[in-house]
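In what follows, a single structure is set out as structure tokens and then discussed.
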Amino acid sequence: MPLWSSQSQTLETDAGFRVALAEATRGSEEGGVPIGACLVSADGKVLGQGHNMRIQNSSATLHAEISALENAGRLPASAYRGATMYTTLSPCDMCTGACIMYKVKRVVIGENKTFVGGEELLKQKGIEVVVLQNDKCQELMKKFIKEKPGDWNEDIGEEGK
């Protein structure tokens, strides 16, 4: 049985979302940007999971979704079809592009109050987008943005304010 359902209330209790939230918490504990992601196959198998590691690894591109894809390893294109990308924050343009490129079927977003990424583009490309507005995801991001505004602006490609 798949880990997701079509009802957003249920999605917050799905293993894929719980893994993404645990990854975000881990990133926060490491002093990094508290965003986590988990890629789940159509049949409910976790293919890959990860969290934003830009600060920890001094990386230009290691956002949570990219980390989850990297940790999934090299997969055939068919593995992504029907898959769900769970992410604790609305995906940036880079991560949106990765989901589009691999033809992920659905993107489940923990929250988009602190940042709105490429949700409309995902929808235009036929990808289902579900936004949960999860309180814990919002709390993690608000705390990080307040404590490390320079790191946050760098992460989203903005000039420091």
Side-chain angles (χ1 to χ4, degrees), residues 1-30 32-54 56-57 61-144 155:
M1 179 172 159
L3 294 174
W4 47 262
S5 77
S6 60
Q7 298 179 3
S8 4
Q9 307 90 301
T10 306
L11 288 168
E12 286 191 72
T13 61
D14 285 347
F17 180 71
R18 289 194 320 267
V19 168
L21 185 54
E23 287 285 346
T25 301
R26 181 175 168 202
S28 177
E29 291 167 353
E30 293 172 354
V33 184
I35 304 170
C38 182
L39 181 66
V40 178
S41 69
D43 65 356
K45 178 183 175 197
V46 172
L47 299 173
Q49 65 191 67
H51 56 280
N52 186 304
M53 297 283 293
R54 289 191 71 252
Q56 299 92 313
N57 287 9
T61 59
L62 203 48
H63 283 194
E65 299 88 343
I66 303 303
S67 179
L69 289 165
E70 180 69 19
N71 290 328
R74 185 176 172 192
L75 298 172
S78 61
Y80 303 100
R81 305 222 194 307
T84 297
M85 176 67 79
Y86 291 86
T87 179
T88 58
L89 185 66
S90 183
C92 73
D93 291 342
M94 175 178 65
C95 297
T96 293
C99 289
I100 292 168
M101 184 173 94
Y102 289 111
K103 296 176 178 59
V104 170
K105 180 181 179 181
R106 174 186 329 208
V107 177
V108 176
I109 299 167
E111 68 102 349
N112 67 358
K113 297 282 186 189
T114 56
F115 178 80
V116 177
E119 296 171 34
E120 289 305 314
L121 183 56
L122 290 168
K123 292 175 189 176
Q124 288 171 12
K125 294 293 187 174
I127 296 172
E128 180 184 356
V129 174
V130 179
V131 181
L132 303 176
Q133 299 306 9
N134 177 272
D135 291 338
K136 180 65 176 170
C137 294
Q138 288 181 29
E139 290 168 19
L140 284 168
M141 286 308 303
K142 284 180 182 178
K143 181 179 185 281
F144 180 80
D155 193 69

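Note that the coordinates shown come from a computational prediction; the quantities given were computed from them, not determined experimentally.
Gly27 and Gln56 get closest at one heavy-atom pair: O-NE2, 3.8 Å. Taking each heavy atom of Ser67 and Gly50 in turn, the nearest pair found is OG-CA, 3.4 Å.
Among Lys123, Glu119, Gln124, the one residue that satisfies the side chain to side chain contact (heavy atoms under 4.5 Å, CB included) test with Leu121 is Gln124.
Annotation: the span from Cys137 atom SG to Ile109 atom CD1 amounts to 10.5 Å, rounded to 0.5 Å. Between the CG atom in Asn134 and the NZ atom in Lys136 there is a gap of 9.5 Å [rounded to 0.5 Å]. Distance check, rounded to the nearest 0.5 Å: CG of Leu122 to CZ of Arg106 gives 13.0 Å. Here Ile35 contributes atom CD1 and Leu21 contributes atom CG; the two are 12.5 Å apart, rounded to the nearest 0.5 Å. For the atom pair Asn52 CG and Leu89 CG, the distance stands at 9.5 Å (nearest 0.5 Å).
In this structure, the side chain of Thr88 engages the main chain of Gly36 through a donor-acceptor pair within 3.5 Å. Judged by distance alone, the side chain of Asp14 and the main-chain N or O of Phe17 form no donor-acceptor pair under 3.5 Å. Within the 3.5 Å criterion, the main-chain N or O of Gly117 finds a donor-acceptor partner in the side chain of Ser90. With hydrogens and angles ignored, the 3.5 Å screen pairs no side-chain donor or acceptor of Ser28 with any backbone N or O of Ala24.
For Glu111, the side-chain hydrogen bond (donor to acceptor under 3.5 Å, both in side chains) partners at least two apart in sequence or on another chain are Thr114. Contacts of Arg26 classified as side-chain contact (heavy atoms from CB on, under 4.5 Å), with partners at least two apart in sequence or in another chain: Glu23, Glu30, His51. In terms of the side-chain hydrogen bond (donor to acceptor under 3.5 Å, both in side chains) criterion, residue partners of Thr87 (sequence neighbours excluded) are, by chain and number, Glu65. With sequence neighbours excluded, the residues forming a side-chain contact (heavy atoms from CB on, under 4.5 Å) with Thr61 are Ser59, Met94, listed by chain and number. When the side-chain hydrogen bond (donor to acceptor under 3.5 Å, both in side chains) test is applied to Lys113, no partner is found at least two apart in sequence or on another chain.
Open room surrounds CD on Glu70; 12 or fewer heavy atoms of other groups in view lie less than 6.0 Å from it.
By the 4.5 Å heavy-atom criterion applied to side chains, Leu69 and Tyr80 are counted as neighbours. Considering only heavy atoms from C-beta on, Val131 comes within 4.5 Å of Gln133 through its side chain. The shortest distance between side-chain heavy atoms of Leu47 and Val40 does not fall below 4.5 Å. Contact annotation: the side chain of Thr25 approaches that of Glu29 to within less than 4.5 Å [non-hydrogen atoms, C-beta and beyond].
Looking only at atom types and distance, the side chain of Gln49 has no donor-acceptor partner in the side chain of Asn71 under 3.5 Å away.
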Under 3.5 Å donor-acceptor pairs involving side-chain atoms of residues 96-103, not counting sequence neighbours:
residue, atom, partner, partner atom, Å
Thr96, OG1, Pro91, O, 3.2
Thr96, OG1, Cys92, O, 2.8

Practice prompt. Mind running side-chain contact (heavy atoms from CB on, under 4.5 Å) on Phe144 and Val33 for me, showing each step along the way?
Written response: CA-CA 7 Å; Phe144 180 80; Val33 184; 3.6 Å; yes
